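Chain letters run A, B, ... following the sequence lines, proteins first and then strands; every chain starts at 1. Bear in mind that the values here come from a model prediction, so they are computed numbers and not experimental data.
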There are 2 protein chains.
Amino acid sequence: MGVTIYDLAREAGVGIGTVSRCLNNHPSVAPDTRARVLAVAKRLSYQPHAYAQRLASKKTNTVSAIIPFFTNYFFIQVLQGVQDKALELGFDLILYGVNDPSQAEYYLRRSLMRGHVDGVLFFSMDLPDSYVAKFVQMKLPLVLVDTYDKRFDSFRVRNREGAMEATRHLISLGHTNIAMINASLETHPGHDRLEGYRHALEENNIPFAMDNVIVTATGKQDGFNREAGYSSMRELIKRRRMGMEISAVFIASDVQSIGAIEAARAEGVRVPEDIAIVSFDDIELASHAQLTTMRQPMYTMGTMALERLMKRMKTPDAKPELTTFMPELIIRESCGAQRSSTIAKRFASIELDRTEERLNT
Amino acid sequence: MGVTIYDLAREAGVGIGTVSRCLNNHPSVAPDTRARVLAVAKRLSYQPHAYAQRLASKKTNTVSAIIPFFTNYFFIQVLQGVQDKALELGFDLILYGVNDPSQAEYYLRRSLMRGHVDGVLFFSMDLPDSYVAKFVQMKLPLVLVDTYDKRFDSFRVRNREGAMEATRHLISLGHTNIAMINASLETHPGHDRLEGYRHALEENNIPFAMDNVIVTATGKQDGFNREAGYSSMRELIKRRRMGMEISAVFIASDVQSIGAIEAARAEGVRVPEDIAIVSFDDIELASHAQLTTMRQPMYTMGTMALERLMKRMKTPDAKPELTTFMPELIIRESCGAQRSSTIAKRFASIELDRTEERLNT
DNA sequence: GAATTGATTGGAAGCGCTTCCACAAGATAG
DNA sequence: CTATCTTGTGGAAGCGCTTCCAATCAATTC
């Protein structure tokens, strides 16, 4: 069916070795030979056979990305970074979306098939111990993003420090009764953000109490979802009505905050007047919802992770590196820091200018 | 480095053919031979070499998905469907995200490499004519989603009919001055939704005028983005203040509507009291924004598209089929049909019940 | 003019698997 | 007891490529 290098060789009157060299820009080919072969290849619309190439060259030019819940806005933006970088490098990206932890192992096993991929990106989940050994044994490069293992390159956001900064911001606005809405404490972000919150309170001599922390670990994405934010906020409002003094809340993720704002609206509680909110992530919608939030460099994490994977392929024995990112506080309206209408208006017009600018190009 | 079937054959004292048959569940192997070989395979932790298998068997178990702007919520949900189905079928999914039309051709070319993928899903873009011939010639199965070509299987949403229903809904609520906010008319959805809008007006003897249609085709995603919605709505409000009578607007997509609502809020225009909105897509956020919208079965389109691709692999010469989906009107608050607070409250509590239900499981 | 060098080239070997064909060894039938 | 199946099995061929080694031939050197 397909045109092979043998066809090209016959047609161009050369050997298959020469054909291969021409196609791969090998230096030692006479210019006119190369021209002739390439002309024939074009004429017969030759297409190299991907797997034959890969089998022979032992390079796949493919990486896999094992991502939980990739419909989560956080992961989508990371994924966009990975994908753009893959395009730039000429790599194919196999997307392995994990909806349930057991799937992660299936995908790990699959990625480990000899010659399947040149490297693996593993996101936001604990790497099962049994696979650590396998990756080492198979010498398959692995880069972890938003999770950590000392035996592999890792990229992490400083969740604890970010949560501290978020909480400090609320404190600096005069709040002393600050609650927290969190997702599963079993997750790294959930755990570390709680720690940061607690630390910020304590360094300011505000007593920490688990009573002020509402944890919803159920539902999809370990509780990092809108519904969980909705019900958590309702619970918080209920407690508030029963006498608990709460003027602000630190919410562990933007998606939860979106749900929380819905709940506040439904209950007639104003944000930020009655309850100020600071959250975490800065997903695209955060600006729509006017959320004050800790920005994570999601896109950059994606591109850097793939770059690191490439580096690791070249120098497999280098020492694993841990790269951390410090999230950045983005102030919008939900925390009440911009209650002055002047500032708010000016902000709106800036947004507008940017839009118009884009329209005029 | 790797363990091959030759190693297994030697170790188990059988031939490579037998080993291969054992691993592939071929019937004609004696039960104890099979057991012995599998035991050895396990002991040596044998991993088949993906590309060798594929080269020899001429099956790749891989498909590619060429998707524009996959960070768009619409595509993400379709993609989730594709990915889940791929997992179910044991296929790998190569994600080719297109940010710019020229990339689509690159990815098409790449997908056409012999033996690279068993099939291709192509989303929402016009398939370049030159590639039609190539796919036919290479006999590479291709399924189109959200776009159409009579020579291939296609899945489409009935944009025109959906837009008609959306517009009719506004008319049924008593509106007669209905504007439209649209994205690029060069896109199929943009074009067809305009047609539907126009048709619905005319069948109700309401004059259609392009003056009531605001088109923003620039920016990312051909104008299907938040910023475009924002600026279009501002333009609409400006015209309104200059005397144009507008009480409702049909917006071509939910993302645009989200921006439009922002603009309305910034300008002090109430939704739905001053301007009622109906839009299109029903992305996850639509319920958060309380958008009345035309729901597209995105996830289903993803799963069905992959299923169709499989079917096409099995019977390559069957006649191409076109499958259309009728979008469904989802009524929320933005159209004003539920202005009664009773209904609104009941709706909120239903949402809540669902949330709590989930929490209790 | 012989010897050496460098630039090209042909093609065998090998990547690790599937599959087909041939064959051995019992089992069954006549 | 011979002829005919069955059931398992071994291993060569081949998938289409890369790469290495040997070979050719013209150019250069002494």
Rounded to whole angstroms, how far apart are [atom1] on [X] and [atom2] on [N]?
X        : N      : atom1 : atom2 : value
A:Arg10  : C:dG10 : CZ    : C1'   : 16 Å
B:Ile5   : D:dA12 : CD1   : C1'   : 12 Å
B:Arg114 : D:dC15 : CZ    : P     : 11 Å
A:Arg34  : C:dG10 : CZ    : P     : 14 Å
B:Leu23  : C:dG16 : CG    : P     : 15 Å
A:Asn24  : C:dT9  : CG    : P     : 15 Å
A:Arg36  : C:dT8  : CZ    : P     : 14 Å
A:His26  : D:dT18 : NE2   : P     : 11 Å

Whether [X] contacts [N] is assessed here as follows: a side-chain N or O lying under 4.0 Å from the phosphate OP1 or OP2. Is that the case?
X       : N      : value
B:Gln53 : C:dG16 : no
A:Ser57 : D:dC17 : no
A:Thr33 : C:dT9  : yes
A:Thr18 : C:dT9  : no
B:Ser20 : C:dC17 : no
A:Tyr46 : D:dC17 : yes

Any donor-acceptor pair under 3.5 Å linking the side-chain atoms of [Y] with those of [X]?
X        : Y        : answer
A:His188 : A:Asp146 : no
A:Asp7   : A:Tyr46  : no
A:Arg54  : B:Tyr51  : yes

Main-chain N/O of B:Leu144 paired to B:Arg156 side chain as donor or acceptor, under 3.5 Å: no
5′-ward residue of the pair B:Gly13/B:Lys58 relative to DNA chain D: B:Gly13
Pairwise 5' ranking along DNA chain D for B:Ala52 and B:Val14, keeping only the more 5' one: B:Val14
Side-chain heavy atoms of A:Leu108 within contact of A:Pro128, under 4.5 Å: yes
Validation row: B:Ser124, B:Thr147 side chains within 4.5 angstrom (heavy atoms): no
N/O-N/O pairs, protein side and nucleotides 20-27 of chain C side, under 3.5 Å:
from: C:dC20; atom 1: N4; to: B:Arg21; atom 2: NH1; distance (Å): 2.9

End-to-end axis angle, where each axis spans five pairs of the helix from C:dG1-D:dC30 to C:dG30-D:dC1, to 10°: 50°
Minimum-distance nucleotide (side-chain atoms of A:Ile16 versus C:dA12, D:dG16, D:dG11): C:dA12
DNA chain C: 5'-proximal contact among A:Tyr6 and A:Asp32 (nearest heavy atom): A:Asp32
Under the salt bridge (Lys or Arg N to Asp or Glu O under 4.0 Å) test, residues paired with A:Arg110 that sit two or more places apart: B:Asp92
Intermediate values then yes/no, side chain to side chain contact (heavy atoms under 4.5 Å, CB included), B:Tyr73 and A:Ile76: CA-CA 10 Å; B:Tyr73 310 106; A:Ile76 285 164; 5.5 Å; no
Closest non-hydrogen atom pair between A:Pro141 and A:Met313, with its separation: CG-CG, 3.9 Å
Single hit among B:Tyr107, B:Phe123, B:Tyr106 for ring pair (Phe, Tyr, Trp, His ring centres under 6.0 Å) with B:Tyr96: B:Tyr107
